[in-house]
Amino acid sequence: MKTKFNVTGMTCSACSAYVDKSVRKLEGVSDVNVNLLANTMVVDYDEKTVTTDEIIKAVEKGGYGANLPAASAGEAPRQSAVDQAKEETRKVKVRLIVSFVFMIPLFYLAMGHMMSWPLPVFFLGEENALTYAFTQFLLCLPVAYVNRKYFINGFKTLARRSPNMDSLIAIGSTAAIVYGIYAIYKIGWGLGHGDSHMVHQYSMDLYFETSAMILALITLGKFLESRSKGKTSEAITKLMDLAPKTATVERDGQEVEIPVEQVQAGDILVVRPGQSLPVDGVIVEGTTAIDESALTGESIPVEKGPGDRVTGASINKTGFFKFRADKVGQDTALQQIIRLVEEAGASKAPIAKLADKVSGVFVPAVIGIALVTFAVWLLMGKSFEFAMSMGI
């Protein structure tokens, strides 16, 4: 059987690849589709061999969260997802603005002397090297602080031996900042001891702008990603809004208006001109013309009478009629369309599956290459500082 799970904590393709790999290892699991954009996972498994609890534990073992979606097909769960997507976009937008506000002057200051851009005189010359370096450090700090999430997640996943892109960002940015602080001390030492060569060397070895650029550009990508998530949720919400939220039902000879979630198969529903049909069913009384364009694309209303089938979310144009509900909740045609749209978003093309396989080894491969680079330069007799800069 196929079951959909919500997955939390994923930030990149390496995360989704790790979740995919963890679940596939379970006996009885035949297929897994992890959707990073929607933070969902669809698992095809044998319920006699493996349970949903075991699947959730496999995900949690890797440091991510998993749970089954709410059973309700109502508006609240979907609206909650839309609100969460909007809130996430807002937070990332704030981080993006702060990052670029400090990163742009930092980049200008760091690259100005190389590009012959005009700079204030108190940043020029070896006698001002400490001011030049420390100002870069101060401009880098706000960017690192607002994007501290990368460091928290990155080092956590690294500690669990399941590094992801956040791990690369955290390691690279931390190394650049720490080495920059080391360079500031070296510049101070050089100024205090009259060593102009040391001052010049370490003034050129500052990497604060590298750290800020990494964090700012990754945050730009996260902002675009969060907007895409929001648009996906809104598209599903618009589909759900096609159906009314209430229904008029005949009970004990009286018409009662109830939430559409409470409609049961076999109920007799009353529909007046201009109203949308809440569920699928069969007409038992009256004739009318129904606009089914939202579901079929047919622009001309279709004449309906007793015995004819009607579909939820279509619009009653002219007549008054009653129909018997036979498909409610998740069984309606509209809900099946919504489910197919969500499954289509979760499915992957062969090239996407190949990309996930690559991302699964990309992070450890990059870390490995950096460590080898650092070690090789040390073995070749280069200084620790030079080897570290090559590793970064």
Side-chain angles (χ1 to χ4, degrees), residues 91-152 154 165-166 168-224 366 369-370 373-374 377-378 382-392:
K91 289 180 179 178
V92 177
K93 186 177 181 180
V94 171
R95 285 166 45 199
L96 180 65
I97 292 171
V98 172
S99 296
F100 272 85
V101 164
F102 287 94
M103 184 273 291
I104 291 173
L106 172 56
F107 178 79
Y108 185 92
L109 179 61
M111 297 291 108
H113 63 284
M114 297 182 186
M115 308 298 293
S116 299
W117 293 337
L119 288 171
V121 67
F122 51 82
F123 287 132
L124 302 175
E126 292 176 1
E127 66 277 11
N128 294 313
L130 197 57
T131 304
Y132 170 76
F134 195 68
T135 302
Q136 289 189 44
F137 174 60
L138 292 178
L139 288 170
C140 180
L141 282 181
V143 182
Y145 178 76
V146 296
N147 294 298
R148 60 191 179 279
K149 183 177 180 181
Y150 299 130
F151 299 94
I152 295 169
M165 287 300 293
D166 284 353
L168 285 185
I169 297 164
I171 293 171
S173 296
T174 300
I177 292 172
V178 170
Y179 184 78
I181 293 171
Y182 172 77
I184 288 175
Y185 277 96
K186 282 289 190 178
I187 292 171
W189 176 272
L191 288 172
H193 291 76
D195 190 340
S196 59
H197 175 72
M198 178 180 289
V199 172
H200 177 76
Q201 176 188 343
Y202 284 98
S203 295
M204 298 298 102
D205 275 355
L206 297 170
Y207 291 98
F208 294 121
E209 85 286 353
T210 301
S211 178
M213 285 285 287
I214 290 171
L215 295 170
L217 293 178
I218 291 295
T219 302
L220 174 61
K222 294 293 182 183
F223 174 68
L224 297 175
V366 170
I369 291 169
T373 301
F374 173 75
W377 282 114
L378 278 182
K382 295 292 183 179
S383 66
F384 175 84
E385 293 88 345
F386 181 84
M388 174 63 75
S389 65
M390 293 300 102
I392 294 173

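In this text, all values refer to a predicted model and were calculated from it rather than measured experimentally.
- Evaluation of the ring pair (Phe, Tyr, Trp, His ring centres under 6.0 Å) rule for Y150 yields no partner, not counting sequence neighbours.
- Qualifying ring pair (Phe, Tyr, Trp, His ring centres under 6.0 Å) partners for F123, counting only residues two or more places apart in sequence or in other chains: none.
- For residues 120-129, no pair satisfies side-chain hydrogen bond (donor to acceptor under 3.5 Å, both in side chains), with sequence neighbours left out.
- Annotation for D205 and A183: closest pair O-CB, 4.4 Å, computed over non-hydrogen atoms.
- Taking the side chain to side chain contact (heavy atoms under 4.5 Å, CB included) definition, one finds that K382 meets it with W377, F386, sequence neighbours left out.
- By the side-chain hydrogen bond (donor to acceptor under 3.5 Å, both in side chains) test, Y182 pairs with E385, sequence neighbours left out.
- Under the rule for a ring pair (Phe, Tyr, Trp, His ring centres under 6.0 Å), F100 has no partner lying at least two apart in sequence or in another chain.
- What you find for A176 and Y207 is that their closest heavy atoms are CB-O, 3.6 Å.
- Here the closest heavy-atom approach between residue A144 and residue I177 is recorded as CB-CD1, 4.1 Å.
- Contact of the M388 side chain with the F374 side chain is registered, since non-hydrogen atoms from C-beta on lie closer than 4.5 Å.
- Judged as a side chain to side chain contact (heavy atoms under 4.5 Å, CB included), and not counting sequence neighbours, the contacts of V101 are I97.
- Separation of atoms NZ (K222) and CG (L217) is listed at 13.5 Å; rounding is to 0.5 Å.
- The shortest heavy-atom contact between L96 and A216 is CD1-O, 4.0 Å.
- Residues in residues 106-117 take part in these side-chain hydrogen bond (donor to acceptor under 3.5 Å, both in side chains) pairs, two or more places apart or across chains: H113-Y132.
- Atom CE in M213 sits 9.0 Å away from atom CE in M111 (nearest 0.5 Å).
- Pairing each heavy atom of Q136 with each of L109, the nearest pair is CG-CD2, 3.7 Å.
- Annotation: side chain to side chain contact (heavy atoms under 4.5 Å, CB included) contacts of I184 (sequence neighbours excluded): L130, A133, F134, F137, F208.
- Contacts classified as side-chain hydrogen bond (donor to acceptor under 3.5 Å, both in side chains) and involving residues 192-201 (residues at least two apart or in different chains) are not found.
- In plain terms, the two heavy atoms of A129 and I187 that are nearest each other are CB-CG2, 3.8 Å.
- The CG atom of L191 sits 7.5 Å away from the OG atom of S203 when rounded to the nearest 0.5 Å.
- Atom OG of S173 and atom CG of D166 lie 10.5 Å apart (nearest 0.5 Å).
- Here side-chain hydrogen bond (donor to acceptor under 3.5 Å, both in side chains) pairs that include residues 137-147, with residues two or more places apart or in two chains, are R95-N147, S99-N147, N147-T219.
- Considering only residues two or more places apart in sequence or on other chains, F122 meets the ring pair (Phe, Tyr, Trp, His ring centres under 6.0 Å) condition with none of them.
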